[in-house]
Amino acid sequence: MAQLTMVKALNLALAEAMRENPNVLVLGQDVGLDEGVFRVTEGLLQEFGPDRCIDTPLAEAAIVGGGIGLAFTGFLPVCELQFDGFSFQAFHQVENHVRRFRNRTRGRYTCPLVIRMPYGGGIRAVEHHSEAPEATYAHLAGLKVVIPSGPRNARALLRAAILDPDPVIFFEPKAVYRAFREEVPDAPETMPIGKGVVARPGKDVTLIAYGAMLRVALDAAEELADEHDVDAEVLDLLSVSPLDGELINESVRRTGRAVVVHEAPRHCGVGAEIVARIVEGSLLYLEAPVKRVTGYDTIIPYFQNELTYLPDPARVVAAALETVRF
Amino acid sequence: MAQLTMVKALNLALAEAMRENPNVLVLGQDVGLDEGVFRVTEGLLQEFGPDRCIDTPLAEAAIVGGGIGLAFTGFLPVCELQFDGFSFQAFHQVENHVRRFRNRTRGRYTCPLVIRMPYGGGIRAVEHHSEAPEATYAHLAGLKVVIPSGPRNARALLRAAILDPDPVIFFEPKAVYRAFREEVPDAPETMPIGKGVVARPGKDVTLIAYGAMLRVALDAAEELADEHDVDAEVLDLLSVSPLDGELINESVRRTGRAVVVHEAPRHCGVGAEIVARIVEGSLLYLEAPVKRVTGYDTIIPYFQNELTYLPDPARVVAAALETVRF
Amino acid sequence: MPREPVKLPNRVETLSILAADGRVDTDLEPALDPADLRRLYRTMLTCRRFDERALTLQRQGRLGTYGPSKGQEAASLGVAYALEKDDWLVPTFRETAGLLWRGWPVHTWLLYWGGFEAGNVPPDGVRDLPVSVPIASQCQYGMGLAWGCKLRGAGRVCATFCGDGGTSEGDFHEALNFAGVFNLPLVMVVQNNHWAISVPRSRQTASQTIAQKAIAYGMDGLQVDGNDILAMIVATREAVEKARTGGGPTLIEAVTYRLSMHTTADDPKKYRKDDEVKEWEPRDPLLRFRAYLQKKGLLDEPGEREIDAEIAAEIEQAVRQYEQYRQDPAEFVQYMYAELTPELQAQQAELRAYLERKHAPAPAPVS
Amino acid sequence: MPREPVKLPNRVETLSILAADGRVDTDLEPALDPADLRRLYRTMLTCRRFDERALTLQRQGRLGTYGPSKGQEAASLGVAYALEKDDWLVPTFRETAGLLWRGWPVHTWLLYWGGFEAGNVPPDGVRDLPVSVPIASQCQYGMGLAWGCKLRGAGRVCATFCGDGGTSEGDFHEALNFAGVFNLPLVMVVQNNHWAISVPRSRQTASQTIAQKAIAYGMDGLQVDGNDILAMIVATREAVEKARTGGGPTLIEAVTYRLSMHTTADDPKKYRKDDEVKEWEPRDPLLRFRAYLQKKGLLDEPGEREIDAEIAAEIEQAVRQYEQYRQDPAEFVQYMYAELTPELQAQQAELRAYLERKHAPAPAPVS
Ligand SMILES: Cc1ncc(C[n+]2csc(CCOP(=O)(O)OP(=O)(O)O)c2C)c(N)n1
Ligand SMILES: Cc1ncc(C[n+]2csc(CCOP(=O)(O)OP(=O)(O)O)c2C)c(N)n1
Ligand SMILES: [Mg+2]
Ligand SMILES: [Mg+2]
C-alpha cells in the first residue's frame, strides 16, 4: 500500500499496463522526456523506450487518428491530449471513426483506444485549459466516458479503460491531480466502467457528483449534517457514459430528493440526463424538483474568477436545502 | 405569396439578405456553379458574383475559421457545411473561437456568423450524412442553435440568424427540404430566435418536437385524436438554444403530460434538457413521467434501416398513451 | 548566406510509361507475368462493368446513391497489384478496382452502396479498411497503420488513398507530417481526378502539382500518369520497396480524371464542359491497357468474349445475392460495444417490442 | 516526359542582414529613420524588461502562468514595424514585442496573464487580435482577415503568427491553402524557436526548413534570421508589399530560439541541454540590435540609462494599475451574447443572489 496522489496513481496504472502487455503504447505531446505536462507519464520513456512512450508532433487529430491505425495493427494506444480544451482538434476523428468502427464493420475492426485528458477547472490556468466537455462526449454513442474522483479509483478505472475492448474517453480532474493522497493497494485493481458508488450514505437527499465535484458534494454533505441536520447521500458516478441509472434511482427512491452537481455548463449537460433518468425511473418518489448545481451557460471565466463559476459547497447546500424545504 | 419548398424558401432568405446588405457573403463547398448539393444557393453566384458566393476548397475548419476573419472585417458570412456529419471537422473553430470571441474581448470582436448545414436523416444517404448533432452545439454557450420545421419558418429564421449579432448554428432538416410546399409571404419576415410555437393546441398531453420530427408529432397527434380520443398539444421548438422553457412549461402545466421527440440519440440529448426544465418548472403539475421518443444510443443505421431508427408516429403515439394511461 | 536559395534534398518527379496513344517507354516498362496482366485487365473491366451496372441499379431504385470510379480504375489497381497480401490498403470510394484485386467481392460493394453496414466488411484475410466517407479522415488511420507496421517491424507497409479535394483537409497534412517525422512505411496516393464535386483542381490548391506537397514533409513526391497502369505499378513498387526497407513515406499523385458524375446525386453539366470530358475519354486507362495487351498478343477477340461473359455472370450472381440479403432490423444496436451497456440492452428491448408491435394489432383506444 | 523532375516556380530563400557578430550586409541593410531605430530598441527592451518582471510577479503569486518571449523579440517587432496601422496583426503569446510596438500597453499584458479577460482587449484603433491559445487555430482567422482585406479592396494586409509546433496542426495547412487559392494578402510568420514545449524542431516535421512548406501552397517561402531585426523588417516589407499589390501570400520562417522556459509551468532542464541555450545566447536579438545602434552612434551610455529609467517607470506604473484592477465577479455572464437570453438572465440573477449570500449570514438550520 502506498499513499499516492492521483497523478502518481495514474502513472502507476500506465506503468502496470505497459509492463503486462507489450501492446500498450502511450502517445501524445510531451509525454516522453518531459514526462507529460502534469507528469502523468513520468518514467515511462525511460522504462519502455521511445517506441512505446511516444512524443508526437503537435496535432491532436493525428494522435487520435494515428491511434486508430495503431489499434488496427493490434496495439492498445493510450492517447494523451494535453488539455480538454484541445480535444476538439481531434473531435472529428472521435466522432467519425473512433466510436464507429466496431459498428461500421460489424466487429471486424475495433478501436480499443483510451483517450486521456486533464479535465475541468480550478488550477488557475489560461483559457481553454479548464473545460468540462463530458456531455459532448457522453452524447456520442460508441464511447465510454469515465471521470475518476480520487487516486484509487483513478488507477482502477484507467486500468479498466485500457483493458476495455471499446474506446474510452478518460477525463482526469486537474483540480484533484495533486489535491490529496490516498491509499492505493499494491496489486492492480480494476473497477467496472459504468458503475457509480455511494461515497457517503444518507437518507434525506441525494447529491450526485463526479470528478472534482465529488469533494464539493462531500463537503456540502458535511455542512448539511453539521449545520442543518440534513443527512445527505453522496453518489460518485465515476462514468457518465454508461451512466449508472440504477444507482441513481435506487438512491433517489430512498431520499425523494436530489441535487446534481457538475462543473460543465448546465444547458444540455449531463445533469439534464440525470434528471431525465430520475423522472423516468422515480417520478412518484420525488418530493421536490431535482436541482442542478452546475457551471453557468457561459465560457468558464479566466482564472481570477473561476471559483465564482465553479460549484462550491455553499451552492450545493443551498440547493439541497431548497429541495428539503420544498 | 408563393408556394415554396424549404430549399426554395432558404434560397429566398439568402438572396434577400444578400440584396439588402452587401456585407452578407455565402461561402462553402460547391455553393457556386453547382448551387449547393441541395441547391439552396441556387442563382446566388449568378446574381452576386464569385466574391459574395464563394466556392471554397475542401476544408470545413477553414470555411468557419476563415469566416471568423471575414466577420472581423465587417462581413456577415453565411458558411455552408455540406453535411452535419462533416461539421466536426470545424468543431474546434466553433468551440475555441466562434462562440468565445465576444466574451473573450468583452464585445470588441464578435462573430456574427451563420453556420448552415443540412441536418438529420431520412433521405437514404450514406454514412455521416444523417446525423443530428444539435445537443453537441446546444451545450456550447455562446451559440444559438436553430432548427426550422417548414418552409415559412425556415425563411424567417434564416433571416433572423443572419441579422443576429451572435453566431447561429442553423440546422436544415434534410427530410423537410423538399417534402412539402408552404405559402411564404412576399415581404421578408423574421421570427425571434429562441421562441417556439404551438403547432397544434391540445389539452391532454404535450408533444414537444422540432425539425423533421414536427411532422411526426403532428401525425401522432392526429392519430391520437382519431383513434384514441386523446387531444395532444404539439410544440415546435424551432430553437434548441436558447430553449423556450416558458412555452414548454406553460403547456405542460395545462396538460400535465409530455413526450419529447427528437431524432438524435437519447443519452445527453436535448430531450434530457427539456425534461429537466419541466421538472424544474412544473414538477407538481406532472401526472406522469415525461417520455422521450428519440433515436437510439447507436450510430444511425445505414439507410436500409434508418426508418427503424428514426422516431415515427407509432412510437410517439405509444409513448403518449403511456403517459395518458399512467 | 545573406540571400540564398534553400536547397531541397527531396525529389519531385513525373512518371509515365504507357502513353495514351499506345506508345510504351520500353526502358521503364515493367516485366510483368502475362497471367497477371490478363488478371489485371479482367479486374479493371469487372470494375467498369460493375460501375455501369450499379448506375442502372441506382436509377431503378435498387441501390442508393452511387459514386462511380469510371476512368480511375488504373490508379488503385496498380497500387493494389504492387502490394503484398499482408500489406494494408486504406481506400476512399473510388478504389473499387484495387479492392476487387485484393479480393473484395462485387457483392460486398453492392451491400455498401445498398445501405447495409455489411458492405464494410472485407473478406477474411483481407487487410483493407472499408470506404471512408469523411474526406481525408482516413489519411490519419492510414498513417497509424503504417506506424503500427513500423513498430511491428515485419516489413509491412500501408497504402492510403485520398482525392485531390482531400489534400485541402487538415487530416491530410497532419498524417503526412507524422509519416515524415516517424519515417513511416506509408505510400500516400492522391487520386487527382481534377474535380472535387464541382471544384476544379486549380481552385483546390495553388500548388502547381499535388506531388510537390511532399516537400512540406521532407519526403519525395512522384506525379504519375494515373491512367497508365504500368506507371502506377512501377511507382508504387518503388515507394513500397523504399517503405519496406526503412526509407519512409512517399507521396504519389495519380493524375487521372473522373469521367462520370461525382455520384448519382450530382449533375456535372452544371459545372464542367463536355469538351473537357471528351478530351479525357481517349486517355481512358481501360482502352489503353486493352490496346497494350492486344499489342502484346495477350488479348484476342475470343478471349475478350470469354472474359466479358465471365464478368457478366459474376456481376449477375452478385446482384442476386445482394437482393436476397436480409438483415435483422434490430441489429444496429448489437455492434455498438463488445458488450451492450445496460441502457442499450433496455433500448434494444424497446426496439424489439416496437418492431413486434408494428406487426401486431393496434392498441385499444383510451376509454 | 517519362521520368522528369517537376519544375517548381516558387522561391524558397534564406535572408540575414545583421549577423550575430555585428557584421552588416550593407547591400541589404534597410535605410531606417534613426528615431525609428531608437524606438524599436526601446520597445524591444521594454519587452525584455516586462518579461523579467512578469517572471518575478509570477513567482510571487501575483500573476498566473506566464509565457516568456525572451530571445524572440525581434521577429514580431520587425513584422509589426513593417505593417501599417490599418493592417492586421494576429499574434500568439510570443509576440509581445510586436504588440507593444502596435500600441498595446504593458498593463493589458499584465491583465491577460493575471487572469482577466480585459487583457484581450486592444486599445482603440489598434487592429490586432488578442492572444490565441489553441495552437495554430488563429491561422484560420488570420487567413479570413486577409480574405476580408482582399474583398474590401483597400490594400490592407494581415500578418499572422504561429510557432514551429503550430505548423503540424491541420489549421496551419488549411489556412495557407486557402490563402494560396484565393491569393490573399497574408503574411504568415512562423516563429521557429526550435522547441514546442519539449519537442524539438527536428521531431516536429521532417521538412528541412519550415519555409519550404510554402511550396505545398504554391507560394514563396523565406527563411529569415529571426533574431536579426533588420532582416525581419526587410523580409516583411517585401511580403507586405507583394500582398498589398495583389501578389498574394508569403510564408516567412523566422529562425529564432526560446531562451527561457516554455512557460512558468515548464522546466526545460528536463528535455534540453544547457549547452544549446548557451550557444544561442550570443545570438540574442537584443544584444545584436544594441551593438548595431551603438556602432551607428544612436545609443550611448546616458541614452541607455535614460531609456532604462523610462521603461522601469512604465512597467512600475503598469504593475500598479494592474494590481488596482477590479472586476465585477458576475461580469462573465454579461458578454455571452449581444443581448442576454432569458435563461442567462435567470442564471445571472442566481449568480448575483449567490454572491450576495456569500457576504450575508448563513441560512437558519432546518427545524
Ligand atoms: C469532410 C468532408 N467534407 C465534405 C464531404 C462531401 N464530399 C464528398 S466527396 C467530396 C469531394 C471530394 O473530392 P476529392 O477528394 O477530389 O475526391 P473525389 O470525389 O474526386 O474522388 C465532398 C466535398 C465529405 N464527404 N467529407
Ligand atoms: C491545439 C493545442 N494543443 C496543445 C496546446 C498546448 N501547448 C501550448 S504551447 C505548446 C507548444 C507550442 O509550440 P510552438 O507552436 O512551437 O510555439 P512556442 O511555444 O514554441 O512559441 C503546446 C503543445 C495548445 N495550446 N493548443
Ligand atoms: Mg477529386
Ligand atoms: Mg516553438
Side-chain angles (χ1 to χ4, degrees), chain A residues 29-39 55-62 82-83 85-86 88-89 92 123-129 204 223-224 226-230 265-267 293-309 312 314-315 317-318 320-321 324-325, chain D residues 64-65 67 93 112-120 131 133-137 163-171 196-199 203-205 263 265-268 270-272 327 329-336 341 343-344 347-348 350-351 353-355 357-358 362-367:
Chain A
Q29 296 156 18
D30 307 293
V31 297
L33 267 185
D34 200 32
E35 306 186 304
V37 291
F38 287 101
R39 306 290 176 257
D55 267 330
T56 68
L58 213 171
E60 288 75 13
Q82 206 158 66
F83 282 93
F86 312 128
F88 308 113
Q89 267 70 356
H92 60 289
I123 59 155
R124 293 174 63 83
V126 298
E127 196 181 349
H128 307 283
H129 291 66
D204 295 332
E223 192 180 322
L224 283 165
D226 292 352
E227 297 181 23
H228 305 283
D229 202 22
V230 170
R266 184 176 308 167
H267 190 64
V293 176
T294 65
Y296 297 88
D297 288 322
T298 66
I299 310 301
I300 182 169
Y302 281 20
F303 70 80
Q304 286 287 356
N305 227 349
E306 71 174 323
L307 296 183
T308 310
Y309 172 93
D312 63 5
R315 281 174 65 196
V317 166
L321 291 178
V324 170
R325 292 167 179 170
Chain D
T65 307
F93 64 101
Y112 178 75
W113 294 107
F116 294 106
E117 285 84 352
N120 287 314
V131 163
V133 172
I135 299 296
S137 62
D164 48 318
T167 65
S168 296
E169 287 280 3
D171 279 335
I197 309 187
S198 74
V199 178
R203 290 269 298 189
Q204 196 61 248
T205 176
T263 66
D266 175 53
D267 174 13
K270 297 202 69 154
Y271 54 79
R272 75 179 184 188
Q327 193 187 30
E331 185 189 273
F332 68 87
V333 181
Q334 199 57 52
Y335 291 100
M336 291 306 300
T341 63
E343 181 60 24
L344 268 184
Q347 292 189 15
Q348 198 181 36
E350 255 183 59
L351 171 59
Y354 159 77
L355 290 168
R357 233 176 22 243
K358 251 185 133 167
V366 178
S367 59

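Between the side chains of D:Q334 and D:Q348, at least one donor N or O sits under 3.5 Å from an acceptor N or O. Of the N and O atoms on the side chains of D:D171 and D:S137, not one donor lies less than 3.5 Å from an acceptor on the other residue. With hydrogens and angles left out, the side-chain atoms of A:Q304 and D:E117 include no donor and acceptor closer than 3.5 Å.
Residues A:L58 and D:A196 come closest through the heavy atom pair CD1-CB, 4.4 Å. When all heavy atoms are compared, the tightest approach of D:E169 to D:A136 is CB-CB, 3.6 Å.
Listed options A:E127, A:R39, A:R124 were ranked by heavy-atom pairs under 4.5 angstrom with chain D; first place goes to A:R39. Counting heavy-atom pairs closer than 4.5 Å to chain D, the top-ranked of the candidates A:D297, A:L224, A:L33 is A:D297. Counting heavy-atom pairs under 4.5 Å between each of D:S198, D:G170, D:G165 and chain A puts D:S198 at the top. Of the listed residues (A:G32, A:A59, A:A61, A:P301), the one with the most heavy-atom contacts under 4.5 Å to chain D is A:P301. For chain A, the option among D:E343, D:Q204, D:Q347, D:Q327 with the highest count of heavy-atom pairs below 4.5 Å is D:Q347. Among the candidates D:S168, D:G119, D:A330, D:G166, the residue making the largest number of heavy-atom pairs closer than 4.5 Å to chain A is D:S168. Per-residue counts of heavy-atom pairs under 4.5 Å with chain A were compared for D:G114, D:G163, D:G64; the largest is that of D:G114.
Here the options are A:E306, A:H128, A:H129, the test is side chain to side chain contact (heavy atoms under 4.5 Å, CB included), and the partner is A:I300; only A:E306 passes.
If you measure heavy-atom distances from A:F88 to chain D, you find no contacts under 4.5 Å at all. If you measure heavy-atom distances from D:L344 to chain A, the contacts under 4.5 Å come from the side chain alone. In this structure, the portion of D:D266 lying under 4.5 Å from any heavy atom of chain A is its side chain and not its backbone. For chain D, no part of A:A62 is nearby; none of its heavy atoms comes within less than 4.5 Å. When heavy atoms are compared at a cutoff of 4.5 Å, A:Q89 approaches chain D solely by way of its side chain, counted from C-beta outward. When heavy atoms are compared at a cutoff of 4.5 Å, A:F86 approaches chain D solely by way of its side chain, counted from C-beta outward. For A:E223, no part lies under 4.5 angstrom from a heavy atom of chain D. Contacts of D:Y271 with chain A are made by both backbone and side-chain atoms, with heavy-atom separations under 4.5 Å.
Side-chain atoms of D:D164 do not come within 3.5 Å of backbone N or O of D:T167 as any donor-acceptor pair.
Here D:F93 and D:Y112 keep their ring centres 6.0 angstrom or further from each other.
The distance from the CD1 atom of D:I135 to the CD1 atom of D:I197 is 7.5 Å, given to the nearest 0.5 Å.
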Would A:D55 and A:Q29 count as a side-chain contact (heavy atoms from CB on, under 4.5 Å) if you check the C-alpha gap in whole Å, the side-chain angles of each, and the deciding distance to 0.1 Å? CA-CA 5 Å; A:D55 267 330; A:Q29 296 156 18; over 6 Å; no
